[in-house]
K.L.:
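Supplied in structure tokens, the structure appears directly below.
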Amino acid sequence: MCGIFGYIGDKEALPFLLEGLKKLEYRGYDSAGIATLHKGKLFVTKCVGKISELETTLQKKPIGGEVGIGHTRWATHGQPSHVNSHPHEDCKSELVVVHNGIIENYLELRRELADRGHDFRSSTDTEVLAHLIEEKYAGNLLLAVREALLLVRGSYALAVISENDPQKIVAARSGSPLIIGHGEEESFLSSDIPAMLKYTSRITQLENGEMAEITATETRIYDQHGKSLAKTPSLISWDPESAEKGGYSHFMLKEIHEQPSAIRKTIEGRVEADSHKIHFDELNLTEEEIRKVNRVVFTACGTSWHAGLVGEYLFEQLAKLPTEVEYAAEFRYRSPIIDENTLVIAITQSGETADTLAAVWEAKARNAKTIAICNVTGSTIAREAHGVVYTNAGPEIGVASTKAFTTQLTIIYLLAILFGKRRGAISEKEATSLISDLISLPQKVERVLQGESLIETVADTFRSATNALYLGRGKGFPIALEGALKLKEVSYIHAEGYPAAEMKHGPIALIDKNMPVVVLAFSGRRYEKTLGNIEEVKARGGRVIVVASEGDKQIASQADEVIYIPQTSEALSPLLAVIPLQILAYYIAVKRGCHVDQPRNLAKSVTVE
Ligand code: AGP
């Protein structure tokens with residue numbers, strides 16, 4: 001949450017800062033600001049609203065300088081307003097700070113600083129940092145930042161520039177991500193990698209507790225005690241194009257369409273083409289350790305948690321392992337009963353979600369083995385877990401997760417087969433047939449995408465709804481939850497996902513002619529029962545939109561609208577069934593005029609609790 005971008009080099013900083021912030025806008029977009037140093041003087045411009053507002057303001061009154069930092073905000077402390085926007089200044093307006101995270105003891109610090117005569121302008125937690133650094137400054141900015149941070153509790157990624165030390169950016173990280181990019185005669189600082197891919201693919205990740213002193217040509221990194229660290233930059237292989245819209249009107253639509261290739265890339269290198277053998281060297285688990293696992297716990301938030309729910313069904317079915325799914329925020333504060341034979345699988349697109357990270361720490365503290373299923377290379381959770389399996393989906397920029405979800409499901413499916421084989425729960429023959437089904441899946445996803453225009457028509461009948469219900473049985477239930485979440489996020493229609501059988505225990509009271517009900521009724525052993533639920537909705541005047549398997553002739557007479565998906569095994573049906581629901585949510589949101597890629601109040605990575 002919140003995005004930070006910094007530039008120092010031999011060119012004007014402003015265009016880089018604006019461009020970088022636009023790419024980071026998915027992290028927060030209620031207000032934004034930029035500060036530059038021009039001929040040793042600080043210039044600050046900020047405004048409420050999106051980066052486009054800031055850009056308009058800066059077009060009227062540009063600010064020069066070859067050093068600068070910018071911020072796009074997702075408010076935690078203090079409402080979105082000009083005064084609460086970052087960068088925040090000290091009393092003398094000689095230095096500015098941008099910050100992502102939460103300073104937990106800010107009230108106490110603020111009181112003390114105010115007692116010592118500091119003048120506060122905002123109601124943010126961040127402003128205490130500016131005043132603390134001001135107080136600690138005695139000729140060395142890096143030292144002042146370090147001393148200030150010793151007094152702070154909480155999480156932060158921050159960047160500071162100062163008139164007193166104008167040829168550098170000082171950055172520090174504890175909890176929230178911060179990456180330094182190394183160019184020719186210029187350096188960058190960013191909250192994520194894609195925002196600077198256009199300029200450089202040579203990066204250094206700051207680790208927790210580390211600080212950096214960044215000039216145009218050099219970056220010095222220190223640990224929290226001030227000890228200089230030798231870190232070798234890594235080369236990122238993501239192609240800069242992958243972080244652009246590529247002709248689509250929104251990232252969400254582009255990412256929906258990238259699913260066939262994302263799933264292929266996720267399978268590639270993990271499944272042998274001829275023998276269909278699965279390789280997961282990155283698990284960092286010995287054969288013995290795999291066999292010893294007697295319980296699996298998935299932990300995640302949001303869409304990734306829904307992937308964990310599908311994982312529960314798959315691991316129980318294919319690996320015959322007792323499996324649970326836990327919201328990361330709940331898991332970390334309970335007293336989970338786990339030990340060295342428990343495998344905790346954290347699922348996270350960003351690898352930066354604060355609660356999921358804390359859940360991994362909790363699991364490690366209790367001696368469990370941990371694996372991260374993650375999309376962002378080198379992210380915090382990827383580095384904290386004992387093993388990491390990357391989803392290879394490429395950068396996901398749209399706030400509503402799409403390709404990350406289906407690639408997470410791909411990994412989980414493969415892991416469930418692997419564990420099933422190692423534990424003798426499924427035969428070689430069964431495993432081979434399950435893998436063949438997966439290999440043919442991307443083509444089927446392509447066929448679902450070909451039905452986009454029909455789904456767009458269905459979206460027309462849905463656009464003025466105020467509530468919606470999504471029902472599914474078995475592995476269709478997590479997909480009902482995910483379909484409802486997608487709709488809520490991007491279109492602001494209230495939607496609920498339910499196991500279809502639960503409908504009679506309450507939600508049925510809501511059904512009338514104004515309530516669209518989306519039912520997942522793909523083939524499988526629960527199909528007949530789901531038909532019964534459709535009848536119950538129809539009998540009460542509800543409008544039914546069904547996602548059914550191709551060849552199902554019966555369903556058309558029972559539903560108001562049918563979206564067909566290709567036939568596949570029950571185990572893989574969630575992967576196909578979710579796609580029409582993503583497209584449906586997308587078009588409903590577009591038709592309602594919603595800001596699809598940056599829905600209100602949301603941020604892509606939730607890096608605060
Ligand atoms: C998905 O559409 C959401 N934006 C959100 O629920 C997301 O899945 C959740 O915040 C978890 O993020 P992560 O996968 O990066 O950990």
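All values below come from the heavy atoms of this structure, side chains included, with hydrogens, waters and symmetry mates left out. We count ligands from 1, going down the list as the structure has it; atoms in each ligand are counted the same way.
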K.L.:
Taking only Lys NZ, Arg NE, NH1 and NH2, and the carboxylate oxygens of Asp or Glu, determine whether Glu268 and Arg264 approach each other closer than 4.0 Å.
P.N.:
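No, Glu268 and Arg264 are not salt-bridged.
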K.L.:
Do Asn84 and Thr124 meet the criterion of a side-chain donor-acceptor pair at a distance under 3.5 Å?
P.N.:
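There is no such pair (donor and acceptor under 3.5 Å, judged by atom type) between the side chains of Asn84 and Thr124.
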K.L.:
Is Lys486 in contact with ligand 1, taking contact as a heavy-atom separation below 4.0 Å?
P.N.:
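Yes.
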K.L.:
What protein heavy atom is closest to atom 3 (C) of ligand 1, reported as residue, atom name and distance in Å?
P.N.:
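For this ligand atom, the closest protein heavy atom is Glu489 OE2, 3.1 Å.
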K.L.:
Could you please spell out the steps behind the side-chain hydrogen bond (donor to acceptor under 3.5 Å, both in side chains) verdict for Asn392 and Thr266?
P.N.:
CA-CA 5 Å; Asn392 299 344; Thr266 300; 5.3 Å; no
K.L.:
Give me the one residue out of Trp305, Phe315, Tyr313 that meets ring pair (Phe, Tyr, Trp, His ring centres under 6.0 Å) with Phe298.
P.N.:
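Of Trp305, Phe315, Tyr313, ring pair (Phe, Tyr, Trp, His ring centres under 6.0 Å) with Phe298 is met by Phe315 alone.
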K.L.:
Using a strict cut-off of 4.0 Å, indicate which atoms of ligand 1 neighbour a heavy atom of Ser304.
P.N.:
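Here the atoms of ligand 1 in question are 8 (O), 13 (P), 14 (O).
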K.L.:
Within ligand 1, which atoms have a heavy atom of Ala400 less than 4.0 Å away?
P.N.:
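In order of numbering, the contacting atoms are 2 (O).
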K.L.:
So which heavy atom in the protein is nearest atom 9 (C) of ligand 1, and how far is it from that ligand atom?
P.N.:
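Of every protein heavy atom, Cys301 O, 3.6 Å lies nearest to atom 9 (C) of ligand 1.
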K.L.:
Counting from 1, what ligand 1 atoms have a heavy atom of Ser401 closer than 4.0 Å?
P.N.:
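Here the atoms of ligand 1 in question are 1 (C), 2 (O).
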K.L.:
Answer yes if the ring centres of His306 and Phe405 are under 6.0 angstrom apart, and no otherwise.
P.N.:
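When the ring centroids of His306 and Phe405 are compared, they turn out to be at least 6.0 Å apart.
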K.L.:
Could you tell me whether Glu330 atom CD has more than 12 heavy atoms of other residues or ligands within 6.0 Å of it?
P.N.:
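No.
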K.L.:
For atom 15 (O) of ligand 1, which protein heavy atom lies nearest, and how many Å away is it?
P.N.:
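The closest one turns out to be Ser350 OG, 2.6 Å.
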K.L.:
Charged N to carboxylate O below 4.0 Å: is that the case for Glu384 and Lys364?
P.N.:
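Yes, charged N to carboxylate O under 4.0 Å.
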K.L.:
Could you check atom 12 (O) of ligand 1 against the protein and tell me its nearest heavy-atom contact, residue, atom and distance included?
P.N.:
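For this ligand atom, the closest protein heavy atom is Thr353 OG1, 3.5 Å.
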K.L.:
What protein heavy atom lies closest to atom 1 (C) of ligand 1? Include the residue and the distance to one decimal.
P.N.:
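Ranking protein heavy atoms by distance from atom 1 (C) of ligand 1, first comes Thr303 OG1, 3.0 Å.
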K.L.:
Give yes or no for whether the N/O distance cutoff of 3.5 Å, strictly under, is met between Gln349 and ligand 1.
P.N.:
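So ligand 1 has an N or O lying under 3.5 Å from an N or O of Gln349.
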K.L.:
Side chain or backbone, does Val399 bring an N or O within less than 3.5 Å of an N or O on ligand 1?
P.N.:
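For ligand 1, there is an N or O atom that lies under 3.5 Å from one belonging to Val399.
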K.L.:
Quick one: side-chain contact (heavy atoms from CB on, under 4.5 Å) partners of Arg600, sequence neighbours excluded?
P.N.:
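Residues passing side-chain contact (heavy atoms from CB on, under 4.5 Å) with Arg600: Tyr492.
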K.L.:
Can you name the closest pair of heavy atoms from Gly101 and Ser176 and give their distance?
P.N.:
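Reported closest heavy-atom pair: CA-OG, 3.9 Å.
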K.L.:
Which heavy atom of the protein is the closest neighbour of atom 10 (O) of ligand 1, given with residue, atom name and distance?
P.N.:
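Here the closest protein heavy atom is Val606 CG2, 4.1 Å.
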K.L.:
Quick check on contacts: which atoms of ligand 1 are under 4.0 angstrom from a heavy atom of Thr348?
P.N.:
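Listed by number with element: 13 (P), 14 (O), 15 (O), 16 (O).
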K.L.:
Using a plain distance cutoff, I'd like to know if Gln408 has any nitrogen or oxygen under 3.5 Å from a nitrogen or oxygen of ligand 1.
P.N.:
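Between Gln408 and ligand 1, no N or O pair is found under 3.5 Å apart.
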